[in-house]
Amino acid sequence: MSPHPDSEAALVVVGGGFAGLFTALQAARQDAGSRVVLVEPNPSFVFLPLLYELLSGELGAWQVAPGIASLLAGSGVVHLRERVTTIDHRRRRVSLSGGGSLGFGTCVIATGSVPHHYGIPGLPQHGLGFHTLSDVAVLQQKLHELRAERPIHPRLVVVGGGPTGVELSCKLADLLDGAAELELIEMGDDILPRGKAFNREQARSALQRRDVRVRLQTRVLEALPGAVRVSSRVDDSHRREETLPHHGLIWVAGVRPRPPVLQPPLPLDGQGRLCCGADLAVQGTDDLFALGDVATISSDDEPPPPATAQVAFQQAALMARNLQHRAAGEPTRAFRWNDLGEMISLGIGDAAITGLGLTLAGPRAFQLRRLAYLTRLPGLPLQLRAAAGWLSSAVASR
């Protein structure tokens with residue numbers, strides 16, 4: 001049931017991604033008597049680290065993008081399928097896209113991020129993304145066309161050598177199976193620039209085995225219909241420009257936060273994130289908090305944590321505990337990121353893991369990665385169904 005416009009809630013969570021959904025669920029478990037409202041326009045929770053398995057068909061949509069209604073069933077959390085347009089943090093009220101508003105005692109902002117095109121001409125019109133379910137559907141159709149039509153000199157170009165670009169390139173290479181050339185463009189000196197050394201080595205090997213051409217120190221200048229103009233470093237004083245024809249340009253080279261409009265405005269950092277204290281409270285407010293990609297923690301002692309699902313999980317757990325501390329009049333606690341390691345998918349049935357006391361690559365790493373994510377799927381019934389599905393797939397593949 002949706003709350004009536006202009007009603008009140010003890011806690012309003014804005015955004016239904018990792019950070020928002022887990023905060024709402026844990027807060028409701030800790031205080032069953034309080035009214036918790038999750039404001040998220042999309043009907044599904046998209047488990048972003050498993051989008052690659054959805055693309056390849058290794059997992060189904062019900063596993064990777066379960067309905068939010070089913071995840072919240074029995075939790076007491078109300079899902080309001082609207083978009084927040086403005087948050088008036090002084091009046092403690094959010095304005096909704098449908099024209100109503102919702103008062104709150106506490107508001108948690110977890111609106112995540114969207115692809116960032118950095119003002120590159122033509123990119124929004126001629127580039128594909130890999131961030132949503134619709135992006136997966138578009139890319140699946142593109143792969144079908146390449147395999148069916150077999151154009152002359154077929155080529156797919158992936159831009160961005162971070163985890164998303166590397167994982168996507170390996171999966172695409174396996175799915176194409178020689179039906180098209182695949183190029184990975186990275187502006188920096190190496191792929192996975194912030195990754196673990198072992199995973200970076202395994203990723204280089206996986207890309208090489210799949211004949212993925214990696215172009216380092218290469219910058220995209222312009223996206224054109226059926227082509228992309230790039231500039232590559234030749235030496236310290238020279239760069240070479242060229243135009244690469246392609247049958248699909250996939251941009252995964254960056255994201256930007258998308259905080260809602262705040263009244264009165266509050267300071268943002270240089271990347272557009274809300275500035276928060278160590279306990280995730282937005283600076284300059286008493287009842288407004290932020291976490292996940294949309295937040296940065298100001299600290300002179302250590303750098304801000306990375307914008308990853310692992311950090312969002314840990315922040316959500318702390319946020320729920322801090323809400324409980326505030327309700328009891330107790331001091332809130334500071335966020336301390338516990339780096340549990342790094343897992344990266346490297347194609348169908350392949351992965352690399354550094355962490356959890358392991359340094360492992362190959363099919364066993366792939367299965368462990370799945371199990372690790374299984375424990376993070378919200379709601380025990382979904383975990384059990386997903387486990388049954390994965391076990392059935394494993395048995396069938398033997």
Side-chain angles (χ1 to χ4, degrees), residues 13-24 38-42 44-52 54 64-65 68 83-87 97 107-120 123-124 127-136 138-139 158-168 186-187 192-195 220 250-262 266-276 280 282 288-298 303-316 319 335 337 342 344 373 376:
V13 180
V14 184
F18 284 118
L21 180 63
F22 279 73
T23 295
L38 176 67
V39 186
E40 167 56 53
N42 295 310
S44 299
F45 164 75
V46 181
F47 205 95
L48 291 175
L50 296 178
L51 272 186
Y52 315 99
L54 179 61
V64 177
I68 291 178
R83 190 177 301 279
V84 168
T85 56
T86 306
I87 299 177
S97 55
C107 180
V108 174
I109 302 173
T111 45
S113 57
V114 293
H116 192 0
H117 295 133
Y118 299 99
I120 296 175
L123 195 53
L128 306 176
F130 194 72
H131 198 75
T132 66
L133 292 180
S134 60
D135 290 337
V136 173
V138 169
L139 197 48
V158 177
V159 184
T164 302
V166 169
E167 292 180 285
L168 181 59
E186 164 57 33
M187 185 173 65
L192 302 178
R194 298 180 181 85
V220 171
I250 308 157
W251 177 265
V252 289
V255 295
R256 60 177 176 83
R258 52 172 182 181
V261 175
L262 301 176
L266 292 171
L268 305 174
D269 75 351
Q271 298 182 40
R273 299 172 297 186
L274 290 163
C275 299
C276 299
L280 304 177
V282 178
L288 196 64
F289 295 80
L291 61 162
D293 294 0
V294 78
T296 184
I297 299 175
S298 301
T308 64
Q310 181 186 151
V311 171
F313 285 132
Q314 294 180 26
Q315 288 183 340
M319 187 71 255
F335 176 71
W337 176 44
E342 176 184 273
I344 184 167
Y373 282 132
R376 294 298 189 180

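Along the sequence shown, residues carry numbers from 1. Heavy-atom basis, side chains included; hydrogens, waters and symmetry copies ignored.
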J.: Which pair of heavy atoms, one from L192 and one from G162, lies closest together, and at what distance?
T.: CD2-C, 3.6 Å
J.: Less than 4.5 Å apart, side chain to side chain, heavy atoms only: is that true for L266 and L288?
T.: yes
J.: Partners of F18 by ring pair (Phe, Tyr, Trp, His ring centres under 6.0 Å), sequence neighbours excluded?
T.: F45, F47, F313
J.: Is there a side-chain contact between L133 and L51 (heavy atoms, below 4.5 Å)?
T.: yes
J.: Does any non-hydrogen side-chain atom of T85 lie less than 4.5 Å from one of V261?
T.: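 Side-chain contact under 4.5 Å: no.
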J.: Please identify each residue that fulfils side-chain contact (heavy atoms from CB on, under 4.5 Å) with R256, with sequence neighbours left out.
T.: V114, H116
J.: Does E186 have any side chain to side chain donor-acceptor pair (under 3.5 Å) partners at least two apart in sequence or in another chain, and if so, which?
T.: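 None.
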J.: Under the rule for side-chain contact (heavy atoms from CB on, under 4.5 Å), what residues qualify as partners of D269, not counting sequence neighbours?
T.: Q271, R273, C275, T296
J.: List in chain and number order the residues that pass side chain to side chain donor-acceptor pair (under 3.5 Å) with S44, two or more places apart in sequence or in another chain; answer none if no residue qualifies.
T.: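 With sequence neighbours excluded, S44 shows a side chain to side chain donor-acceptor pair (under 3.5 Å) to no residue whatsoever.
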J.: Which residues satisfy the side-chain contact (heavy atoms from CB on, under 4.5 Å) test with A19, sequence neighbours excluded?
T.: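 If we apply the side-chain contact (heavy atoms from CB on, under 4.5 Å) test to A19, skipping adjacent residues, the hits are A110, L291, A312.
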J.: Looking at residues at least two apart in the chain, or sitting in another chain, which of them share a side-chain contact (heavy atoms from CB on, under 4.5 Å) with Q310?
T.: T308, Q314, W337, D339, L340
J.: Who are the salt bridge (Lys or Arg N to Asp or Glu O under 4.0 Å) partners of R83, not counting sequence neighbours?
T.: none
J.: Who are the side chain to side chain donor-acceptor pair (under 3.5 Å) partners of E167, not counting sequence neighbours?
T.: Y52
J.: Considering non-hydrogen atoms only, spot the tightest contact between G16 and L21 and give its length.
T.: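 Where G16 meets L21 most closely, the heavy atoms are O-CB, 4.0 Å.
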J.: Between L123 and V159, is any pair of side-chain heavy atoms under 4.5 Å apart?
T.: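 Heavy-atom side-chain distance check fails, nothing below 4.5 Å.
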